[in-house]
Amino acid sequence: MQIIRNAHELKKQISPLKKQGKTIGFVPTMGALHEGHLSLIDIATKKSDVVIVSIFVNPAQFSENEDFGTYPRDEEDDLKKITHHNVDFVYMPRVEDIYPQGFDLKILTGELGQQLEGMARPHFFDGVALVVVKLFMQTCADVAIFGEKDFQQLTIIKNVVKALDLDVKIIGAPIIREKNGLAMSSRNQYLSAPQKQIAANLYKQISAVKNTLEAGEDVESAIDNARKSLLKSGFDKVNYIEIRNSDSLSKETRGAQNLRILAAAYLNGVRLLDNV
Ligand code: AMP
């Protein structure tokens with residue numbers, strides 16, 4: 001496993017491999033790695049000859065009141081976790097490798113990027129799209145793996161790839177959960193053990209909505225009950241619990257097929273996302 005800290009060095013390593021016809025599998029992350037990230041890496045090793053994992057806390061996707069400065073960073077621990085997962089390159093670029101001086105390009109993700117997560121974080125997906133496209137170019141990725149944990153992000157990346165005719169296959173990977181059902185997330189580190197127990201209610205409640213939907217019962221009151229239960233159990237705020245089409249994320253009515261229930265809520269000031 002080689003550690004690469006700048007774009008020039010990455011190109012030097014990757015170019016000859018591409019010339020030999022090797023396929024590149026890519027897993028972008030912001031570090032503070034957990035089993036969810038490792039599951040994406042394991043998929044990448046099955047789908048490609050060479051695996052690159054990037055670790056980059058992307059300033060462009062944080063707004064001023066968010067946790068860019070305090071986002072968990074532990075390089076040593078991350079590298080230790082990756083060691084046994086057949087990764088060829090860990091790419092940890094400097095900010096200037098992604099955003100060189102004078103860089104002023106923007107990608108606007110439009111309507112899809114303004115809803116759900118985009119309501120609370122209007123510039124978030126534009127920042128994500130930009131860094132992901134830069135990283136696709138720098139890594140020469142053939143295949144890239146993204147978690148369904150960030151379902152809207154996965155949908156937006158698929159759209160960006162299609163819109164820009166990028167030759168990268170996007171694979172969505174299932175959500176890895178703690179034993180109590182809580183979706184693993186780097187930001188779970190901000191929660192105490194009792195708070196993690198409360199946090200698990202998010203999955204429990206959206207699963208209850210799913211069961212109601214599948215039973216063909218009144219889903220609006222199920223969503224209302226889920227909201228109330230979350231607040232009662234200790235959540236500060238429920239941003240949304242919504243039923244959307246799995247492919248387009250457009251709003252869906254009862255009886256439709258191919259649905260996702262997506263939710264976001266705050267617990268102790270930490271924004272938690274989940275979907276089923
Ligand atoms: P992040 O480091 O939070 O930017 O996440 C990097 C990638 O890991 C994204 O594609 C996430 O969707 C994915 N990911 C994060 N948590 C999980 C999880 N619990 N299960 C599966 N994938 C995840």
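Quick note: numbers below take in every heavy atom, side chains included, and nothing from hydrogens, waters or symmetry partners. Counting starts at 1 for both ligands and their atoms, following the listed order.
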Looking at every heavy atom in both Lys18 and Cys140, which two are closest together, and how far apart are they?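 That closest heavy-atom pairing would be NZ-O, 3.0 Å.
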
With a 4.0 Å cut-off on heavy atoms, does Pro28 reach ligand 1? yes

Below 4.0 Å from ligand 1: does a non-hydrogen atom of His34 turn up there or not? yes

Considering the heavy atoms of [X], write down every atom of ligand 1 situated less than 4.0 Å from one of them.
{"X": "Pro174", "result": "20 (N), 21 (C)"}
{"X": "Gly147", "result": "9 (C), 10 (O), 11 (C), 12 (O), 13 (C), 22 (N)"}
{"X": "Phe146", "result": "10 (O)"}
{"X": "Met184", "result": "16 (N), 17 (C), 18 (C), 19 (N)"}
{"X": "Thr29", "result": "2 (O), 6 (C)"}
{"X": "Leu40", "result": "7 (C), 8 (O), 10 (O), 13 (C), 22 (N)"}

Parallel, tilted or perpendicular, as decided by the 30° and 60° cut-offs, for the rings of Tyr99 and Phe56: tilted

Here's a test for you: under side chain to side chain contact (heavy atoms under 4.5 Å, CB included), which of Ile14, Asn6, Ile55, Leu135 qualifies with Tyr91?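 In the set Ile14, Asn6, Ile55, Leu135, the residue that makes a side chain to side chain contact (heavy atoms under 4.5 Å, CB included) with Tyr91 is Leu135.
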
For [X] and [Y], test the side chains for any donor-to-acceptor distance below 3.5 angstrom and give the result as yes or no.
{"X": "Gln152", "Y": "Thr155", "value": "no"}
{"X": "Asp247", "Y": "Asn258", "value": "yes"}
{"X": "Glu9", "Y": "Gln13", "value": "yes"}
{"X": "Tyr240", "Y": "Glu117", "value": "yes"}

For atom 20 (N) of ligand 1, the protein heavy atom that lies nearest, with its residue and separation: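 Of every protein heavy atom, Ile176 N, 2.9 Å lies nearest to atom 20 (N) of ligand 1.
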
For Ile175, is at least one N or O under 3.5 Å away from an N or O on ligand 1?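 No - when backbone and side-chain N and O of Ile175 are compared with those of ligand 1, no distance drops under 3.5 Å.
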
Nitrogen or oxygen of Glu148 less than 3.5 angstrom from that of ligand 1: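 No.
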
Given Lys149, Arg177, His37, which has its nearest heavy atom closest to atom 17 (C) of ligand 1? Lys149

Shared hydrophobic cluster for Leu191 and Met30 (ILVMFWY, side-chain gaps under 4.5 Å): yes

